[in-house]
Amino acid sequence: ARGTREERGGFRQFFLENNVVDFDHLQKKVHEVNVMTGYCGEMAVLEIFLNGIQLSGSPAALYSDPRTQDVLADVADGSYPRQLKARYSSGFFLLVEDRR
């Protein structure tokens, strides 16, 4: 089992000292996940804003939101966000868009 978000804590690796998202590091981790899965299926979009994210048309959420931290923790763990797996059951790849 993956454990709780707090136990995993991996989402913190995407933040710089001033609590700004390290976009380059996040993009690199998403690319690694896409390569491991072979870029199959539909495209899902992870939009990065100064204060939060929006995941494939879902409502935007602040970085302090547990749902956002779950998304980032999944990517940090080398996996796609669990929130998308039911919606894209035949597979997907994740595109990161910088909206800062």
Side-chain angles (χ1 to χ4, degrees):
R2 289 183 170 173
T4 66
R5 175 183 58 261
E6 290 79 17
E7 291 169 343
R8 291 163 38 207
F11 70 91
R12 290 185 189 92
Q13 70 180 277
F14 297 120
F15 290 91
L16 302 172
E17 288 182 21
N18 54 0
N19 267 347
V20 172
V21 169
D22 183 346
F23 180 80
D24 292 334
H25 183 57
L26 178 58
Q27 181 72 31
K28 178 183 173 197
K29 290 296 286 188
V30 168
H31 175 73
E32 290 172 7
V33 173
N34 283 333
V35 167
M36 286 187 328
T37 59
Y39 292 92
C40 63
E42 299 179 62
M43 179 178 61
V45 179
L46 172 62
E47 295 178 86
I48 303 297
F49 299 94
L50 283 176
N51 61 349
I53 67 170
Q54 186 168 15
L55 189 59
S56 276
S58 299
L62 297 173
Y63 290 119
S64 59
D65 188 308
R67 295 170 298 170
T68 299
Q69 294 172 7
D70 283 340
V71 168
L72 297 178
D74 286 341
V75 172
D77 288 346
S79 178
Y80 284 124
R82 284 177 267 177
Q83 295 90 325
L84 294 177
K85 289 183 180 180
R87 191 183 319 168
Y88 299 99
S89 59
S90 63
F92 64 94
F93 66 96
L94 194 56
L95 173 69
V96 178
E97 292 185 354
D98 187 353
R99 304 277 190 210
R100 294 174 289 159

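Predicted, not measured: the structure shown is a model, and the values here were computed from it.
- In this structure, NZ on Lys28 lies 10.0 Å from NE2 on His31, to the nearest 0.5 angstrom.
- Between Gln27 and Val96, the shortest heavy-atom distance links the atoms OE1-CB, 3.0 Å.
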Next item on the list: Start with the C-alpha distance between Phe49 and Arg100, add both sets of side-chain angles, then the distance that settles side chain to side chain contact (heavy atoms under 4.5 Å, CB included), and finish with yes or no.
Entry: CA-CA 4 Å; Phe49 299 94; Arg100 294 174 289 159; 5.7 Å; no

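- Proximity of Ser79 to Lys85: side-chain heavy atoms (C-beta onward) are separated by under 4.5 Å at one or more points.
- Taking CD from Glu47 and CD from Glu97, the interatomic distance works out to 5.5 Å, rounded to the nearest 0.5 Å.
- Side-chain atoms of Leu55 and Val45, non-hydrogen and from C-beta on, never get closer than 4.5 Å to each other.
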Checklist line | side chain to side chain contact (heavy atoms under 4.5 Å, CB included) between Asn34 and Tyr80, intermediate numbers included | finding: CA-CA 8 Å; Asn34 283 333; Tyr80 284 124; 2.6 Å; yes

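- Proximity of Leu72 to Asp70: side-chain heavy atoms (C-beta onward) are nowhere separated by under 4.5 Å.
- Looking only at side-chain heavy atoms (C-beta outward), Leu26 and Val75 come within less than 4.5 Å of each other.
- In this structure a side-chain-to-backbone donor-acceptor pair under 3.5 Å is present from Gln54 to Ser58.
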Margin query: Apply side chain to side chain contact (heavy atoms under 4.5 Å, CB included) to residues Val71 and Gln83 and explain how you reach the verdict.
Written below: CA-CA 8 Å; Val71 168; Gln83 295 90 325; 3.4 Å; yes

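- Between the side chain of Thr68 and the backbone N or O of Leu62, at least one donor-acceptor pair lies under 3.5 Å.
- Looking at every heavy atom in both residues, Gln69 comes nearest to Tyr63 through NE2-O, 3.2 Å.
- The cluster map of Ile, Leu, Val, Met, Phe, Trp and Tyr, joined by side-chain heavy atoms under 4.5 Å apart, puts Met36 and Leu94 in different clusters.
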Margin query: For Phe92 and Leu84: C-alpha separation, side-chain torsions, deciding distance, then whether side chain to side chain contact (heavy atoms under 4.5 Å, CB included) applies.
Written below: CA-CA 9 Å; Phe92 64 94; Leu84 294 177; 3.7 Å; yes

